[in-house]
Amino acid sequence: LKGESSEVRRQVPQFSFADEDGSQSSSDPQESLEQVLPPANAEPTRELNGTPNVSDVTKRLSEYPALSAVRVVQSVTELPPHVLASMDERDIDAGKVTGAYDPTSGESFVVADNLMDAEEGVRRAVHEAVAHQGVRGVLGSDLNQVMMEVYRSYMGSKAGQQTLREVRSAYPFLDVATREGRLGVAEELVARVVENASGRSKLRKRVVATIRRALRTVFPDVAWTDADVRALGSRARRYMEARQALQESGPSNPGETLG
């Protein structure tokens with residue numbers, strides 16, 4: 001696998017907004033809010049019974065311990081006032097917000113009124129959980145083997161070694177002399193691999209397949225796609241950036257609640 005030459009920016013993590021076409025825009029971390037939109041090809045109609053009820057989504061999420069910290073609200077109006085104020089400042093369409101994160105309390109939210117069904121609630125909750133716990137934190141240590149495979153693949157070329165140096169420079173709290181430190185670097189590398197949708201390498205296919213298999217094991221009865229895996233990649237990078245921001249800013253930084 002050839003390494004990437006793009007520089008890893010060292011900065012306080014910025015939280016992205018997903019537009020309908022999949023493009024991303026970023027916001028100030030002090031006003032952290034995630035706007036997650038339905039897939040562009042989603043049908044405009046909802047279930048015959050209408051939007052899912054908060055109790056139905058809550059019950060569905062309760063089946064998965066990894067999602068225990070995600071809170072379900074029925075309406076956007078039930079989000080904390082400062083989160084609503086942040087939405088208003090940025091002119092965000094409340095009818096399209098399916099997930100939000102409050103950096104003040106560290107709470108993640110799923111908005112039932114804006115979901116197609118309870119299954120979508122699980123999918124959005126998983127995206128939030130990965131952003132704040134990392135891929136391994138949500139899907140478990142079964143991913144360690146493929147993560148170490150990714151790490152070793154970057155050591156096999158000069159370009160890959162340069163990427164490793166960039167990642168280590170961006171996240172100096174990771175001690176690559178330890179296995180845990182190397183797995184931390186691998187979490188960033190895996191995020192890069194799965195985000196590269198145009199990549200057709202055997203390694204990428206193996207990584208995507210492994211993550212999808214883990215998703216189906218931990219969260220059965222949910223139809224996971226390659227697009228979901230790519231979305232988790234961007235959220236895993238956000239998790240790593242938040243961990244570094246905490247190291248640099250100390251416990252008073254809102255990023256402390258992100259992992």
Side-chain angles (χ1 to χ4, degrees), residues 1-6 8-9 13-27 34-42 66-67 70 96-99 101 108 110 115-116 119-140 142-143 146-147 149-151 153-154 160 163 167 170 183-220 222-242 258-259:
L1 177 71
K2 293 184 178 179
E4 303 157 28
S5 58
S6 58
V8 178
R9 295 179 298 171
Q14 293 203 349
F15 296 81
S16 62
F17 298 85
D19 297 324
E20 288 181 349
D21 61 0
S23 61
Q24 299 284 326
S25 59
S26 56
S27 65
E34 180 183 6
Q35 176 179 344
V36 188
L37 304 180
N41 61 352
L67 304 181
V70 180
K96 294 180 178 178
V97 174
T98 59
Y101 172 67
S108 295
V110 170
L115 300 172
M116 298 295 291
E119 179 177 311
E120 185 188 3
V122 174
R123 186 176 290 106
R124 300 309 181 198
V126 170
H127 290 176
E128 284 290 334
V130 168
H132 309 140
Q133 301 175 44
V135 174
R136 289 188 301 141
V138 175
L139 299 183
D142 288 347
L143 295 177
V146 73
M147 284 191 158
E149 182 179 340
V150 171
Y151 182 89
S153 73
Y154 273 77
T163 298
V167 172
L183 284 169
V185 171
E187 183 129 5
E188 165 71 19
L189 298 176
V190 164
R192 292 174 173 224
V193 168
V194 299
E195 281 186 295
N196 182 15
S198 61
R200 306 303 299 173
S201 69
K202 291 182 180 180
L203 179 61
R204 181 182 183 278
K205 291 179 181 178
R206 173 167 162 71
V207 170
V208 170
T210 300
I211 293 177
R212 284 182 66 179
R213 185 164 58 250
L215 283 167
R216 289 166 177 164
T217 298
V218 180
F219 306 102
V222 176
W224 299 103
T225 66
D226 285 2
D228 288 315
V229 176
R230 291 196 300 273
L232 293 184
S234 66
R235 285 155 177 77
R237 296 188 74 174
R238 185 187 310 172
Y239 163 73
M240 293 299 297
E241 291 168 354
L258 297 180

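Everything numeric here is computed off the predicted structure, so don't read it as measured data.
- From Glu188, atom CD reaches atom CE of Met147 across 10.5 Å, with rounding to the nearest 0.5 Å.
- Leu139 pairs in a side-chain contact (heavy atoms from CB on, under 4.5 Å) with only one of the listed residues (Val130, Thr210, Ile211), which is Ile211.
- The CZ atom of Arg206 sits 11.5 Å away from the OG atom of Ser153 when rounded to the nearest 0.5 Å.
- Taking the ring pair (Phe, Tyr, Trp, His ring centres under 6.0 Å) definition, one finds that Tyr151 meets it with nothing, sequence neighbours left out.
- Here the straight-line distance linking atom CD of Glu149 with atom CG of Leu143 works out to 12.0 Å at 0.5 Å rounding.
- Pairing each heavy atom of Trp224 with each of Phe219, the nearest pair is NE1-O, 3.2 Å.
- Here the closest heavy-atom approach between residue Glu128 and residue Ser108 is recorded as OE1-OG, 3.4 Å.
- Across all their heavy atoms, Arg136 and Gly184 have their closest contact at NH2-N, 4.4 Å.
- With Arg212 contributing its side chain and Asp228 its backbone, the two residues share no donor-acceptor pair below 3.5 Å.
- The line from CE of Met116 to OG1 of Thr98 is 11.5 Å long, rounded to the nearest 0.5 Å.
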I'd like to know whether Leu232 forms a side-chain contact (heavy atoms from CB on, under 4.5 Å) with Leu215, so could you lay out the CA-CA distance, the side-chain angles of the two residues, the decisive distance to 0.1 Å, and finally the verdict. CA-CA 11 Å; Leu232 293 184; Leu215 283 167; 3.8 Å; yes

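- For Ala209, the side-chain contact (heavy atoms from CB on, under 4.5 Å) criterion is met by no residue, not counting sequence neighbours.
- For the side-chain contact (heavy atoms from CB on, under 4.5 Å) test, residues two or more places apart in sequence or in another chain that qualify with Ala191 are Ala236, Arg237.
- Residues Val135 and Val190 have side chains not in contact (no heavy-atom distance under 4.5 Å, counting atoms from C-beta outward).
- For the atom pair Arg213 CZ and Asp142 CG, the distance stands at 9.5 Å (nearest 0.5 Å).
- With hydrogens and angles disregarded, no donor-acceptor distance shorter than 3.5 Å links the side chain of Glu187 to the backbone of Met240.
- Taking 4.5 Å as the limit, some side-chain heavy atom of Val110 sits within range of a side-chain heavy atom of Leu115.
- A distance of 13.5 Å separates CG of Leu67 from CZ of Arg124, quoted to the nearest 0.5 Å.
- Counting heavy atoms from C-beta outward, Thr163 and Leu189 have side chains that approach closer than 4.5 Å.
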As a quick check of understanding, evaluate side-chain contact (heavy atoms from CB on, under 4.5 Å) for Tyr154 and Val185, giving each step before the final call. CA-CA 11 Å; Tyr154 273 77; Val185 171; over 6 Å; no

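- When atom types are taken as modelled, the side chain of Arg204 and the backbone of Val194 share a donor-acceptor pair closer than 3.5 angstrom.
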